[in-house]
Participant: 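Before I ask anything, let me first share the structure, which is written out below as structure tokens.
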4 protein chains.
Amino acid sequence: MQSRTPAPRATGRPRSATADAAILAATREALVELGWSKLTLGDVAARAGVAKTTLYRRWAGKNELVVDAVAELFDELELPDCGTLAADIEGVVLQYAAILARPEAKSGLMSVVAESIHDEALRERIRCSIVERQKRLVLEGRARAEARGELPPESDPGEAARTIDLIFDMVAGTVVHRTLVSAQPADEEWVRGFARVLLLGLTSAGPR
Amino acid sequence: MQSRTPAPRATGRPRSATADAAILAATREALVELGWSKLTLGDVAARAGVAKTTLYRRWAGKNELVVDAVAELFDELELPDCGTLAADIEGVVLQYAAILARPEAKSGLMSVVAESIHDEALRERIRCSIVERQKRLVLEGRARAEARGELPPESDPGEAARTIDLIFDMVAGTVVHRTLVSAQPADEEWVRGFARVLLLGLTSAGPR
Amino acid sequence: MQSRTPAPRATGRPRSATADAAILAATREALVELGWSKLTLGDVAARAGVAKTTLYRRWAGKNELVVDAVAELFDELELPDCGTLAADIEGVVLQYAAILARPEAKSGLMSVVAESIHDEALRERIRCSIVERQKRLVLEGRARAEARGELPPESDPGEAARTIDLIFDMVAGTVVHRTLVSAQPADEEWVRGFARVLLLGLTSAGPR
Amino acid sequence: MQSRTPAPRATGRPRSATADAAILAATREALVELGWSKLTLGDVAARAGVAKTTLYRRWAGKNELVVDAVAELFDELELPDCGTLAADIEGVVLQYAAILARPEAKSGLMSVVAESIHDEALRERIRCSIVERQKRLVLEGRARAEARGELPPESDPGEAARTIDLIFDMVAGTVVHRTLVSAQPADEEWVRGFARVLLLGLTSAGPR
DNA sequence: AAGTAACCGAGACGGTACGTCACGTCTTTCG
DNA sequence: CGAAAGACGTGACGTACCGTCTCGGTTACTT
């Protein structure tokens, strides 16, 4: 969320801090009820009990607002130490699936990603606010696995980065596709199956 | 795609066949230039050299139109027999990636999927027009692999279906995420790495 | 309605005669229900059980159609010989009022007259089809009154024409205004009062 | 005219006062050029240099707008004291004729009256904004004539009202019919003739 | 009896205007 | 001086009719 306000002015009446929270909450609420395309800033302002101008003073448009509203959802992501790599993978997949099961995350995330295709600034904002926050978990997981000796330490840093990215795309992408496109629940059983395939693929020794 | 027209009437002036093609092409063109949110049906009609009413006579709205326009892109999907399962997997992933590299596919697909979250009918339309068409490739690939003896024949049909779905979600989801969210190209090298992990995960013997 | 058809061809299938009547009747019906501005030719065609093209083959547009539909109403105008000038005037005013009491006449007549202000051809059509048909009654009435000796024979033909026109404007205009603008019924009592004033004004000797 | 605005709010940006005048002027201009049926609110808005929405915020539709635009024309009506009843009648008829000679009055007035046949609210609006404003002149004229002794004071108030209404329908109706239906100018000579008949009819003693 | 020309219904077509909605900006008054 | 309220210009929406056109099929005159 970190500072939409370009410069913290000293003078005049300060901006209401509660308004921010109310607006983001109202945005998520509207996202659930209406979806991205039918969500209007006027409606969000009304739900938040705030004038439209107040909203425009803080965000540049619908996309920016929704990114911030959705990003807050990912603040709760955390990687519990389950003891084994397999369990850790299952854990993170389940957490990610839990967030994506919430309709405000589905509508919001997909829509802003779609919009970001034609908007570089938006893409950057998404990466900072949402994507990197998730990738952190993958990094942590790998570090733990290496510490436990489940994975060999990767000497080539470039290769390491590529692997991280691949894992991340596989985890996030597969869960999203299961949830949104196939419209099937990413429940525990499914997660176990997916995690098994993922783990095998990553740990099986094989020629490059 | 097949038949938006609910009933093929016998009487009256028949619908112009060329108009359909022009409209869908114009839709893809506009999708590339403007993206989903800035695409307007009036603009599409103008590009297609067609009246707005003609467009509304055939499609219920923006979403339906875009689904059909994007679905045509997937008609060219085909599974070349590359001789080995590994090569086949690489082949299909590459083909899918090639389609998703086109901006009209990116914008269009993501946006309608996002919209489909709040629209059951749209979700169904997407499944019929786009998803099933892709899943067919996975089925074919599996059948070939079994015929070659690369994969053991699956006796439990329920388990087989689950595996197919998982593979499909992994392939499509990962490619989409790589291409759209991570905004990195799904080039040949990446595809090789991904296919290797996927193949190892699927073929490694292991306890369920 | 004297020849909408520009040239009566000899060959081919002749136009359905019943269609004309059905269309004009449907027009009057629609005029009653909807009024001029909400009346659509498509709706009239549907009511008449006729294709829109059939309608356009016979009339150039809404105005022309309505003029013909309304003109038929005035065919029934007739001047009964009531024995005295006073009674004759009352009679013709009552007849005119009776026609104007019908809503299809009100909407239709006023609207086409309003349209005729910007359409010379339409004005001419109205004059031929409707106005002259009414003026005939005034002429007849005057002739009878002269024959009875109630009015002195007018020697100056120009002056005679001017008087006829004035009477006609007074009768038709006053009845229309009473009925449409004041929205009061032109009942027998009111007609008696109006006819008395009119008769006194016309017969009182006085310097020009 | 007086206040289309249902409630004069205190808060928010007030409505532009100049916009109202510009819109009504533009309406009259368009009425002259196009007539009622070809007049579009979009065109009026463009002429007035105003957004279409601004127009719809103030008026419910074309009819209401035209009534107000035409009503302003009748604000200038005034009864000059010409000294005699005959001169006063001539004066008011001439004034009314002068207004009706303006094409915006012709098209506008006739059309809204025609529309009012199917719209009670519109009829009421016309009565308030236009008709009553004219009837006032008749009342004034009668009062003056009585004061001068030209007309006997009417004891029965019901009969007085009926006479006023009759005179009003005769004056307004006849002038309208002359101007619009007969499409002849209501010039001074014609007015003199008409006023003479009217005066004789009203003042000649006669049995009821 | 066959040919054929004009009719008929149905309905798609390119248009124009509709009246509404949301946008993002602006001008007010109030706290 | 910020915030609410709400009017403003802009532009797309989806709909309704317009008047024209293409169909397949039907009549009634002509030969």
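Quick note on labels: first sequence line is chain A, next is B, and so on, each numbered from 1.
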Participant: Would you mind reporting whether Trp59(A) and Thr27(A) have side-chain heavy atoms less than 4.5 Å apart?
Facilitator: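 They are not in contact (no side-chain heavy atoms under 4.5 Å apart), so the answer is no.
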
Participant: Applying side-chain contact (heavy atoms from CB on, under 4.5 Å) between Leu122(A) and each of Ile117(A), Val113(A), Val66(A), Val67(A), report the one that passes.
Facilitator: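 Result: among Ile117(A), Val113(A), Val66(A), Val67(A), Val67(A) is the only option passing the side-chain contact (heavy atoms from CB on, under 4.5 Å) with Leu122(A).
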
Participant: Produce a footprint string for nucleotides 19-26 of chain F: one letter per nucleotide, 5' end first; B if the base is under 4.0 Å from any protein heavy atom, S if only the sugar-phosphate is, - if neither.
Facilitator: BBBB--BB

Participant: Which sits closer to the 5' end of DNA chain E, Thr40(D) or Ala19(B), going by the nucleotide each is nearest to?
Facilitator: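 On the 5' side of the pair lies Ala19(B).
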
Participant: Contact between Glu29(B) and Glu33(B) at the side-chain level, heavy atoms closer than 4.5 Å - yes or no?
Facilitator: yes

Participant: Given dG14(E), is OP1 or OP2 found less than 4.0 Å from the side-chain N or O atoms of Thr54(B)?
Facilitator: yes

Participant: I need the minimum non-hydrogen distance between Ala114(B) and Ser107(A), along with the two atoms involved.
Facilitator: CB-O, 4.5 Å

Participant: Please give, in whole Å, the distance from dC18(E) C1' to Leu65(D) CG?
Facilitator: 15 Å

Participant: As an exercise, state the distance from OG of Ser111(A) to NZ of Lys62(A), rounded to the nearest 0.5 Å.
Facilitator: 8.5 Å

Participant: Is the closest basic N to carboxylate O distance between Arg125(B) and Asp68(B) below 4.0 Å?
Facilitator: yes

Participant: Return yes if some donor-acceptor pair links the side-chain N/O of Ser116(D) with the main-chain N/O of Asp119(D) below 3.5 Å, else return no.
Facilitator: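 It does not hold such a pair.
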
Participant: Quick one: list whatever passes side chain to side chain contact (heavy atoms under 4.5 Å, CB included) with Ala48(B), sequence neighbours left out.
Facilitator: Ala22(B), Ile23(B), Ala26(B), Val50(B)

Participant: Roughly how many Å is it from CG in Leu34(C) to P in dC17(F), rounded to a whole number?
Facilitator: 10 Å

Participant: Which whole-number value in Å describes the distance from Asn63(D) CG to dC18(E) P?
Facilitator: 12 Å

Participant: In whole angstroms, how far is the P atom of dC8(E) from the CD1 atom of Ile23(C)?
Facilitator: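 Checked: the CD1 to P distance equals 8 Å.
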
Participant: Side-chain donor-acceptor contacts of residues 35-46 of chain D below 3.5 Å, not counting sequence neighbours, with atom names and distances?
Facilitator:
{"residue": "Ser37(D)", "atom": "OG", "partner": "Glu115(C)", "partner atom": "OE1", "Å": "2.6"}
{"residue": "Ser37(D)", "atom": "OG", "partner": "Glu115(C)", "partner atom": "OE2", "Å": "3.3"}
{"residue": "Thr40(D)", "atom": "OG1", "partner": "Asp43(D)", "partner atom": "N", "Å": "3.1"}
{"residue": "Asp43(D)", "atom": "OD2", "partner": "Arg47(D)", "partner atom": "NE", "Å": "2.8"}
{"residue": "Asp43(D)", "atom": "OD2", "partner": "Arg47(D)", "partner atom": "NH2", "Å": "3.4"}

Participant: Closest approach of Arg58(C) and Ser16(C), non-hydrogen atoms and distance?
Facilitator: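 Closest approach of Arg58(C) to Ser16(C), heavy atoms only: NH2-O, 2.8 Å.
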
Participant: May I have the distance from Trp59(D) (atom CH2) to dA7(F) (atom C1'), rounded to whole angstrom?
Facilitator: 14 Å

Participant: Nearest-nucleotide wise, let me know which of Asp43(C) and Gly42(B) is further upstream toward the 5' end of DNA chain F.
Facilitator: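 This one resolves to Gly42(B).
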
Participant: How would you list, by chain and number, every residue that makes a side chain to side chain contact (heavy atoms under 4.5 Å, CB included) with Glu104(B), sequence neighbours excluded?
Facilitator: Arg28(B), Leu31(B), Val32(B), Leu73(B), Arg102(B)

Participant: Starting at atom CG of Asp20(C), determine the distance to atom C1' of dC7(E), rounded to an integer number of angstrom.
Facilitator: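 Rounded to whole Å, this separation is 13 Å.
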
Participant: Can you measure Glu64(B) atom CD to dG14(F) atom C1' for me and round it to whole angstrom units?
Facilitator: 13 Å

Participant: Please list residues of residues 44-51 of chain C whose heavy atoms come under 4.0 Å from any atom in DNA chain E, ordered by number; otherwise none.
Facilitator: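 Contacts with DNA chain E under 4.0 Å: Gly49(C), Val50(C), Ala51(C).
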
Participant: Check DNA chain F against residues 110-118 of chain D and give the residues with a non-hydrogen atom under 4.0 Å, in numerical order.
Facilitator: none

Participant: Take the protein atom NZ of Lys38(A) and the nucleotide atom C1' of dC23(E), then report the distance between them rounded to whole Å.
Facilitator: 17 Å

